[in-house]
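Here's the structure we're looking at; comments come further down.
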Amino acid sequence: MTFTLTTPLYYVNDKPHLGSAYTTLACDAVARYQRLKGEPVIFITGCDEHGQKIQRTAEAAGLSPQAHCDAVSAQYRDLWERWQISNDRLIRTTDPRHRRIVEQFFARVEASGDIVEGRQQGWYCVACEEFKDDPHEAQDPECPTHRRPLEWRDELNLFFRLSRYQEAIEALIAREGFIQPASRRREVENFVKQGLRDFSISRVNLPWGIPVPGHGGHTFYVWFDALLGYLTALLEPGEEPELEAAIARGWPASVHVIGKDILRFHAVYWPAMLLSAGLELPGKVFGHGFLTREGQKMGKSLGNVLDPAELLERCGRDAVRWYLLRDIPFGDDGDFQQQRFTDLVNNDLANTIGNLLNRTSAMARRWFEECVPPAGGGLEPTHPLAQAAATARSQALNGLEALEFRSAAEAALQLAIAANGYLNEQAPWSRMKQEGTRDQVAADLYAVLEAARHVGLLLAPLLPELSARMLAQLGQTPLDSGIGTLGGANPDGGTPDSRAWLEQLAWGGLVPGATLPEPSPVMARLELDAPL
RNA sequence: GGCUCGGUAGCUCAGCUGGUUAGAGCGUGGGAUUCAUAACCCCAAGGUCGGGAGUUCAAGUCUCCCCCGAGCCA
């Protein structure tokens with residue numbers, strides 16, 4: 001079965017921020033992991049491009065909404081390319097095909113009797129694009145989050161009859177593992193327990209949106225538009241926009257990865273909509289935490305926004321991926337600290353992992369004719385490093401399976417630490433000064449090189465580039481965890497290389513006598529001359 | 001106002017159903033070493049486990065109250 005995973009469709013009101021990059025990065029690691037396992041993957045990301053806020057932003061900039069969306073979504077596309085994100089799709093809700101899918105989906109929901117007209121009046125925040133039901137502020141109320149004046153609205157809208165799905169949703173969120181991390185489940189449970197209320201799915205007088213068929217003057221409101229992008233995205237490029245066809249490509253999604261702020265919409269509203277349309281439900285919804293910076297919320301007013309493009313430019317992909325995936329428990333809030341960032345990257349990647357490979361390769365080349373030394377006892381499955389590698393493998397796989405990147409990263413790192421420790425214990429450089437120790441030295445170096453190979457393999461989903469450099473340095477063929485062809489899916493999933501990943505994670509894969517390329521540091525230390 | 005999740009060494013965090021001297025990494029200090037990217041390896045210092053009360057033979061771990069932070073719903 002196809003492993004479909006999604007990032008949210010990012011709202012193109014403004015240029016991409018670090019939070020979006022964080023989500024996308026995490027999904028990228030999952031997608032690569034699944035491909036390496038040999039699963040067919042559809043990794044979906046995209047842009048949500050409708051709504052009043054976008055219309056107004058565009059107007060303020062003197063652009064047409066479409067021109068504005070084109071410009072901002074191009075920034076997203078560009079950013080993901082530069083981060084080497086392996087997304088198979090980048091769906092835009094302004095894609096003409098999306099409109100057709102929305103119409104078909106809506107027809108199904110309407111046929112289920114789940115669309116009703118209702119009147120909605122109250123104070124409305126354009127920035128939130130939401131009604132604020134705050135009764136005790138009658139005079140010139142402000143939006144509490146945006147501190148902007150609210151507008152009085154009194155409209156006839158279409159509503160989705162969410163209330164009919166009370167029991168189904170209760171059953172769904174009670175399902176073990178549907179909402180992750182589990183710590184956020186209670187919040188949703190309480191929300192549902194209060195009784196689900198119908199929610200409005202359309203707006204009037206909002207030209208920048210998809211018109212609701214048969215209801216002149218109405219356009220779809222965000223959730224009945226953006227969420228459906230996950231379905232549209234399943235279509236092959238150029239394929240006719242038929243809902244059935246899209247579904248057949250890879251629905252249901254295995255996991256929606258989102259920020260914790262939109263958990264409710266993905267865990268409650270979206271499943272109910274799917275049920276109404278007669279579609280299957282996603283396997284899980286993972287709401288990750290937010291990033292702060294040096295203990296403070298990132299925001300324009302504080303002027304402390306970390307631009308993902310600049311971060312990448314100055315620090316490189318491996319460094320940023322490592323820090324975000326290795327140090328921040330996925331699901332919890334995290335704090336970006338520059339000192340810690342450079343400390344971790346330099347310690348873990350340059351000193352521990354990079355230097356391990358460098359020192360070992362140098363010794364092997366010097367004393368064994370630039371080749372992988374004869375394995376001898378280094379091949380034994382009981383070898384301490386063979387056992388450490390087996391432990392690391394299972395911890396890394398478990399971690400990746402559960403989206404616990406921290407644990408997966410830690411596993412690889414621990415193996416490198418074990419290998420460094422082993423080298424120091426055995427001290428082959430001392431042995432080489434004695435007689436009759438050559439076989440022992442060969443076996444020790446073989447085992448350490450083999451451990452380094454495992455580190456490289458385990459790092460493949462997390463740090464594809466460092467992984468490739470490590471494997472190349474060991475004379476191995478690098479893995480391909482990315483997409484086969486740009487924008488297109490592999491008909492049968494993984495590549496020949498990737499199919500072998502799990503098999504390669506067996507002790508003894510390194511061939512004695514194979515030539516070792518001249519070593520050069522696989523990971524440079526990060527020296528930031530100025531604050532980020 | 002109701003609810004959820006946190007508050008454990010300078011920093012980031014582990015501590016499962018309560019049970020020996022509360023752990024890891026980073027940072028700091030010291031030692032050892034020279035194969036290596038001044039890297040690696042070893043050792044040490046440092047914590048009244050947010051505060052208070054209670055349950056218990058025994059609480060970081062359970063109960064109640066309070067304080068602080070993040071968030072959800074009103």
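In what follows, every chain begins at residue 1, and chains take the letters A, B, ... in the order their sequences are listed. Just so it is clear, the structure is predicted and the values come from calculations on it, not from any experiment.
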Inset, instruction - Respond yes when some side-chain nitrogen or oxygen of A/Arg197 is under 4.0 Å from OP1 or OP2 of B/A74, and no when none is. - result: yes
Legend entry - Any N/O donor-acceptor pair, A/Asn424 side-chain to B/C40 base, under 3.5 Å: yes
Inset, instruction - Looking at every strand, decide which applies to A/Arg406 at a 4.0 Å heavy-atom threshold: base, sugar-phosphate, or nothing. - result: sugar-phosphate
Legend entry - Short side-chain donor-acceptor distance under 3.5 Å, A/His256 and A/Trp270: yes
Inset, instruction - Considering just the side-chain nitrogens and oxygens of A/Arg366, establish if one lies under 4.0 Å of OP1 or OP2 belonging to B/A36. - result: yes
Inset, instruction - For A/Gly354, report the nucleic acid contact type (base, sugar-phosphate, nothing); a contact means any heavy atom under 4.0 Å. - result: base
Legend entry - Residue A/Asp332, side-chain heavy atoms: nucleotide from B/A14, B/C5, B/C11 that is nearest: B/A14
Inset, instruction - For the residue pair A/Ile54 and A/Asp48, establish whether any side-chain heavy-atom pair is separated by less than 4.5 Å. - result: no
Inset, instruction - Nearest whole angstrom, please: distance from the P of B/G71 to the CZ of A/Arg186. - result: 21 Å
Inset, instruction - For nucleotides B/A74 and B/G27, find the distance between their C1' atoms and express it as a whole number of Å. - result: 45 Å
Legend entry - Complementary nucleotide for B/A70 - Watson-Crick or wobble, under 3.5 Å: B/U4
Legend entry - Same-atom distance (P) from B/G23 to B/C49, integer angstrom: 14 Å
Inset, instruction - Hunt down the Watson-Crick or G-U wobble partner of B/G25, both distances under 3.5 Å, from any strand shown, or write none. - result: B/C11
Inset, instruction - Scan A/Gln337 against the nucleic acid and name what it touches under 4.0 Å (heavy atoms): base, sugar-phosphate only, or nothing. - result: sugar-phosphate
Legend entry - A/Thr352 vs A/Gln339, nearer the 5' end of RNA chain B by closest nucleotide: A/Gln339
Inset, instruction - For A/Asp335 and B/C26, give me the distance from atom CG to atom P, rounded to whole Å. - result: 20 Å
Legend entry - Touch class at under 4.0 angstrom, heavy-atom based, for A/Val188 against every strand present: nothing
Inset, instruction - In whole angstrom, give me the gap between the P atoms of B/A32 and B/C43. - result: 15 Å
Legend entry - Nearest-nucleotide pick for A/Trp429, side chain only, options being B/G71, B/C35, B/C40: B/C35
Legend entry - B/A39 phosphate, OP1 or OP2, under 4.0 Å from A/Asn420 side-chain N/O: no
Legend entry - Minimum-distance nucleotide to A/Trp367 side chain [options: B/C35, B/A14, B/C40]: B/C35
Inset, instruction - Classify the nucleic acid contact of A/Glu410 as base, sugar-phosphate or nothing, counting any heavy atom under 4.0 Å across all strands shown. - result: nothing
Inset, instruction - Under 4.0 Å between any heavy atoms, over every strand shown, what does A/Pro521 touch: base, sugar-phosphate, or nothing? Just pick one. - result: base
Inset, instruction - Give the rounded distance in Å between these two atoms: CD of A/Glu518 and P of B/U37. - result: 11 Å
Inset, instruction - Could you check A/Leu228, A/Thr93, A/Asp225 and say which one makes a side-chain contact (heavy atoms from CB on, under 4.5 Å) with A/Leu9? - result: A/Thr93
Inset, instruction - Report yes if a side-chain nitrogen or oxygen of A/Asn190 is closer than 4.0 Å to either non-bridging phosphate oxygen (OP1 or OP2) of B/U4; otherwise report no. - result: no
Inset, instruction - Measure from the side-chain heavy atoms of A/Glu187 and tell me the nearest of B/G71, B/U37, B/C40. - result: B/G71
Inset, instruction - Taking only the side-chain nitrogens and oxygens of A/Arg525, find out if one of them lies under 4.0 Å from OP1 or OP2 of B/A39. - result: yes
Inset, instruction - Determine which nucleotide pairs with B/C62, using a 3.5 Å limit on both distances of a Watson-Crick or G-U wobble pair. - result: B/G54
Inset, instruction - Examine A/Phe336 together with A/Tyr323 and report whether their ring centres are nearer than 6.0 Å. - result: yes
Legend entry - B/G30 to B/C67 separation - C1' atoms, rounded to the nearest Å: 40 Å
Legend entry - Distance-only donor-acceptor test (3.5 Å): side chain A/Asn355, base B/A36: yes
Legend entry - Span that lies between the C1' atom of B/U63 and that of B/G18, in whole angstrom: 13 Å
Legend entry - Side chain of A/Arg340 (C-beta onward), nearest among B/C5, B/U12, B/C40: B/U12
Legend entry - A/Asp198 bridged to A/Arg164 by N-O distance under 4.0 Å: no
Legend entry - Whole-Å gap separating P (B/A38) and CG (A/Asn358): 9 Å
Inset, instruction - Describe the nucleic acid contact of A/Met432 in one word from base, sugar-phosphate, nothing, applying a heavy-atom distance below 4.0 Å. - result: nothing
Inset, instruction - Quickly work out the A/Asp348 CG to B/G27 C1' distance and round it to whole Å. - result: 13 Å
Legend entry - Gap in Å between the two P atoms, one belonging to B/U34 and one to B/G60, rounded: 47 Å
Inset, instruction - When you get a sec, tell me which of B/U37, B/C13, B/C35 is the closest nucleotide to the side chain of A/Lys433? - result: B/C35
Legend entry - Modelled atom types, side-chain donor and acceptor of A/Tyr422 and A/Asp444, under 3.5 Å: yes
Inset, instruction - Determine the Euclidean distance between corresponding C1' atoms of B/G52 and B/A59; express it in Å to zero decimal places. - result: 15 Å
Legend entry - Interatomic distance, A/Arg365 CZ vs B/A36 C1' [rounded to whole Å]: 14 Å
Legend entry - Whole-angstrom distance between B/A53 and B/A14, as gauged at atom C1': 29 Å
Legend entry - 5′-ward residue of the pair A/Ala362/A/Asp343 relative to RNA chain B: A/Asp343
Inset, instruction - Might you point out which heavy atoms bring A/Arg317 and A/Trp83 nearest each other, and give the distance in Å? - result: CD-O, 3.4 Å
Inset, instruction - Return the orientation label for the A/Phe224 and A/Phe220 ring planes: parallel under 30°, perpendicular over 60°, tilted otherwise. - result: parallel
